Amino acid sequence: MALSFRMLASLATASALAIAAGTQVSAQDRAATLIVAEDVVPQTFDPIQSSQIRTWYVWQLVYEGLVRAELDGSLTPVLASSWTIDESGTVYDFTLREGVSFSDGSPVTPEDVVFSFERLKADGLPYAQDRFKSLASVEKVDDSTVRFTLSGPDAGFMLNLGSPFVVGSAIMKADWVASHDPKQEMLGTGPFALVSYAPNSELVLERNENYWDPEGAAKVEALKIRYMPEQSAQIAAMLSGQIDLMFPSAESMLQLQRVPEVTTVAVASTNTVRLNINTNLEPFSDPDFRRAMSLSLNRDEIVAGAFLGEASPSAQIPPAYAWGPNLADLKYQKQDIEQAKELLAKAGYPDGIDITLNHLAGYASYLDRFAEILKGQMAEAGIRVTIEANQTAVWLDKQNTANYEIMTNEYAFQADPLFYLMPRPGRQGPTPPEMVDLIDAAKSGPAADYPAALAEIAVMQDDLVFPDITVASRNAWVAYTGNVVSADPDATISRTFLADVALK
């Protein structure tokens with residue numbers, strides 16, 4: 001039986017209803033304002049200073065890059081109207097689009113582009129810098145042209161430059177950064193501009209009236225993002241008319257699908273859920289031990305239990321990329337408890353071993369369930385897992401200082417598919433030399449050969465179970481009320497589609 005708003009609202013907790021009731025807006029503002037709920041607050045507004053997916057969602061609403069990489073690998077001009085590449089494949093000249101300004105009305109200049117990438121190279125988080133390792137220099141050619149010079153050919157350079165999440169590629173205003181704190185403020189060229197931020201509570205954006213692309217301009221006058229960690233509170237807020245749109249968990253999706261007044265949309269994403277491995281430590285430096293861990297996992301059971309069936313088993317290259325290796329052809333992307341025990345004994349642990357999982361607590365219910373299922377499955381092979389549940393700051397510190405054994409993680413859409421495969425320097429042990437050679441060959445080879453070269457790397461990574469163990473590519477969901485005309489997310493799980501959402 002379909003549930004009405006009132007019937008489903010009665011299932012929400014009193015505290016959740018109190019949260020929703022405490023966030024009233026005037027009827028006039030409500031008619032022009034799209035109100036969205038998010039689970040996780042941004043760590044920073046600085047687009048070179050975070051590796052967390054949920055933080056990127058804010059950047060991409062305000063900042064833009066020179067180009068945008070599409071799902072099919074094609075490139076769309078954004079702040080650059082055109083570009084040329086020399087015969088060596090190392091010199092890229094970008095012509096800046098005429099008439100583009102930041103949201104404060106000031107023009108985008110070649111100096112801003114040069115500043116943005118020099119700042120990345122000097123101060124960016126290694127995670128952001130890694131996307132542009134081949135970038136040797138950026139310089140102004142003339143008042144409308146910027147030149148990027150690479151240390152060698154890089155088949156993924158343009159793809160990284162076009163990431164919709166603008167990790168390291170956002171164009172910032174040089175003199176604005178000199179007098180403002182980019183960690184707490186934003187000024188960009190995107191469809192929205194920052195109005196205010198109440199930490200851990202609410203972010204208010206307004207339509208950028210100086211936006212260069214009339215067709216891509218925000219459809220609403222304002223966008224409010226309310227940070228509500230509890231899905232029950234989000235549901236209550238949606239049912240009481242306090243929010244228009246949310247990104248439900250699998251559990252919430254099942255509830256909301258039973259409400260006629262709510263529209264739900266599912267999309268098979270390119271996000272992959274993984275186990276990172278610190279190969280600096282024994283026995284994690286032993287490929288046989290890593291193989292035993294991977295063989296202990298039943299991906300189908302994880303999809304059913306952790307993701308409630310809303311995912312697909314996945315190796316490092318998500319199933320969305322048809323050129324990736326077939327899962328059935330990979331040796332360690334399956335469960336084989338007996339072989340796992342044999343390899344565990346070969347690694348020197350015939351009686352099993354105790355290890356610790358650095359788990360990101362409160363990030364997503366599917367990760368919490370995954371950690372528990374993983375613990376049970378690994379125990380069958382003799383690998384006894386203690387779950388150490390850490391909040392974001394502690395989890396990140398352990399990740400970035402390689403102070404962990406294994407850890408749960410999720411990788412977002414990567415415009416350059418190599419980043420599904422790249423080892424993480426500083427977070428784990430040295431990359432096997434033969435893998436370094438393959439990666440270097442893929443990056444420096446012809447763009448037409450890039451997918452096949454990446455597939456070869458993926459096969460090697462399955463054999464060595466390095467740099468991580470990938471288990472699933474999850475679905476993503478959007479739910480919205482009758483106040484919204486439509487919402488059309490894509491497999492990147494990018495939030496850029498919010499600029500296209502209109503209210504009735």
Side-chain angles (χ1 to χ4, degrees), residues 13 15-16 37-44 50-57 127 199-200 227-234 247-252 271-281 283-284 289-290 293-294 296-299 301-308 310-311 352-412 424 426-428 467-472 474 476:
T13 63
S15 60
E38 290 276 15
D39 296 10
V40 180
V41 299
Q43 299 170 315
T44 176
S50 179
S51 61
Q52 189 189 68
I53 305 166
R54 304 293 181 92
T55 294
W56 304 348
Y57 294 157
Y127 184 86
N200 303 315
Y227 295 101
M228 307 171 72
E230 299 297 329
Q231 288 268 309
S232 59
Q234 294 187 28
F247 302 92
S249 65
E251 304 95 318
S252 298
N271 280 33
T272 52
V273 173
R274 305 174 175 226
L275 274 181
N276 291 155
I277 308 168
N278 185 1
T279 53
N280 284 308
L281 307 176
F284 306 95
F289 184 79
R290 300 196 298 267
M293 286 196 295
S294 190
S296 71
L297 300 179
N298 185 319
R299 274 78 173 173
E301 288 184 0
I302 291 170
V303 165
F307 299 94
L308 307 185
E310 295 289 341
I353 184 175
D354 297 292
I355 67 173
T356 300
L357 170 69
N358 175 31
H359 173 57
L360 179 55
Y363 177 82
S365 55
Y366 54 83
L367 278 188
D368 296 337
R369 290 191 294 267
F370 169 48
E372 292 294 340
I373 293 171
L374 172 152
K375 178 178 180 178
Q377 291 183 350
M378 285 195 173
E380 295 181 48
I383 303 171
R384 298 176 292 272
V385 178
T386 297
I387 299 174
E388 183 182 275
N390 293 308
Q391 297 303 310
T392 300
V394 175
W395 178 88
L396 279 170
D397 180 68
K398 287 180 175 290
Q399 171 191 255
N400 294 334
T401 59
N403 181 22
Y404 69 94
E405 294 183 339
I406 60 173
M407 63 187 290
T408 49
N409 208 340
E410 180 176 1
Y411 291 3
R424 300 306 198 243
R427 297 185 186 178
Q428 59 189 155
D468 53 44
I469 298 172
T470 310
V471 295
R474 70 175 178 87

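Below, all heavy atoms of this structure are taken into account, side chains as well, without hydrogens, waters or symmetry copies. This one's a predicted model, so the numbers in the text were calculated from it and none came from an experiment.
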**OP:** Could you give me the CA-CA distance, side-chain angles and deciding distance for Ile387 and Glu372, then say whether side chain to side chain contact (heavy atoms under 4.5 Å, CB included) is met?
**Re:** CA-CA 8 Å; Ile387 299 174; Glu372 292 294 340; 3.6 Å; yes
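- Residues Leu367 and His359 are in side-chain contact: their nearest non-hydrogen atoms beyond the backbone lie under 4.5 Å apart.
- Pairing each heavy atom of Ala472 with each of Val303, the nearest pair is CB-CG2, 4.2 Å.
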**OP:** Might you work through the side chain to side chain contact (heavy atoms under 4.5 Å, CB included) test for Ser51 and Gln399, ending with a clear yes or no?
**Re:** CA-CA 10 Å; Ser51 61; Gln399 171 191 255; 3.7 Å; yes
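- For Gln391, the side-chain contact (heavy atoms from CB on, under 4.5 Å) partners are Ala361, not counting sequence neighbours.
- When all heavy atoms of Ala402 and Gly426 are compared, the closest pair comes out as CB-O, 3.4 Å.
- Residues passing the ring pair (Phe, Tyr, Trp, His ring centres under 6.0 Å) test with Phe284 are Phe289, sequence neighbours excluded.
- Note: Leu275 CG to Leu374 CG = 5.0 Å, rounded to the nearest 0.5 Å.
- Counting only distance, with no hydrogens or angles, the side chain of Asn278 and the backbone of Tyr404 share a donor-acceptor pair below 3.5 Å.
- In this structure, Gln234 contributes its side chain and Met228 its backbone to a donor-acceptor pair below 3.5 Å.
- The CG atom of Leu297 sits 5.0 Å away from the CD1 atom of Ile302 when rounded to the nearest 0.5 Å.
- Within the model, atoms CZ of Phe247 and CD of Glu38 stand 5.0 Å from one another, a figure rounded to the nearest 0.5 Å.
- Evaluated for a side chain to side chain contact (heavy atoms under 4.5 Å, CB included) with Tyr363, the options Thr408, Ile53, Thr392 yield exactly one hit, Ile53.
- With hydrogens and angles left out, the side-chain atoms of Glu251 and Ser249 include a donor and acceptor closer than 3.5 Å.
- When all heavy atoms are compared, the tightest approach of Ser50 to Thr44 is CB-CG2, 3.9 Å.
- A distance of 10.5 Å separates CG of Leu357 from CG of Leu360, quoted to the nearest 0.5 Å.
- Every residue meeting the side chain to side chain donor-acceptor pair (under 3.5 Å) condition with Arg274, not counting sequence neighbours, appears here in chain and number order: Thr272, Asp468.
- Contacts classified as ring-ring contact (aromatic ring centres under 6.0 Å, His included) and involving residues 365-395 (residues at least two apart or in different chains) are given here: Phe307-Tyr366.
- Taken to the nearest 0.5 Å, the CD atom of Glu410 stands 7.0 Å off from the CZ atom of Arg54.
- Using a 4.5 Å heavy-atom threshold, the side chains of Pro248 and Gln231 count as touching.
- Panel note: side chain Tyr227, backbone Pro199; no donor-acceptor pair is recorded below 3.5 Å.
- In this structure, Gln52 contributes its side chain and Gln43 its backbone to no donor-acceptor pair below 3.5 Å.
- Pairs passing the salt bridge (Lys or Arg N to Asp or Glu O under 4.0 Å) check and including a residue from residues 357-367, sequence neighbours excluded, do not occur.
- Side-chain contact annotation: Asn403 with Asp397, donor-acceptor N/O pair under 3.5 Å absent.
- The closest side-chain heavy-atom distance from Asn358 to Asn390 is below 4.5 Å.
- Counting all heavy atoms, side chain and backbone alike, Ser296 lies closest to Met378 at OG-CG, 3.2 Å.
- Rounded to the nearest 0.5 Å, atoms CG (Leu396) and CE (Met407) are 7.5 Å apart.
- Remark: side-chain polar atoms of Asn280 are paired, donor with acceptor, to backbone N or O of Gln428 under 3.5 angstrom.
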**OP:** Run the numbers on Arg424 and Asn276 for side chain to side chain contact (heavy atoms under 4.5 Å, CB included), then give the verdict.
**Re:** CA-CA 9 Å; Arg424 300 306 198 243; Asn276 291 155; 6.0 Å; no
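- Between Arg427 and Asn400, the closest side-chain pair of non-hydrogen atoms falls below 4.5 Å.
- Annotation: side-chain contact (heavy atoms from CB on, under 4.5 Å) contacts of Asn298 (sequence neighbours excluded): Asp300, Glu301, Gln335, Gln377.
- At a cut-off of 3.5 Å, with distance as the only test, a side-chain donor of Arg299 or Ser294 sits close to an acceptor on the other residue.
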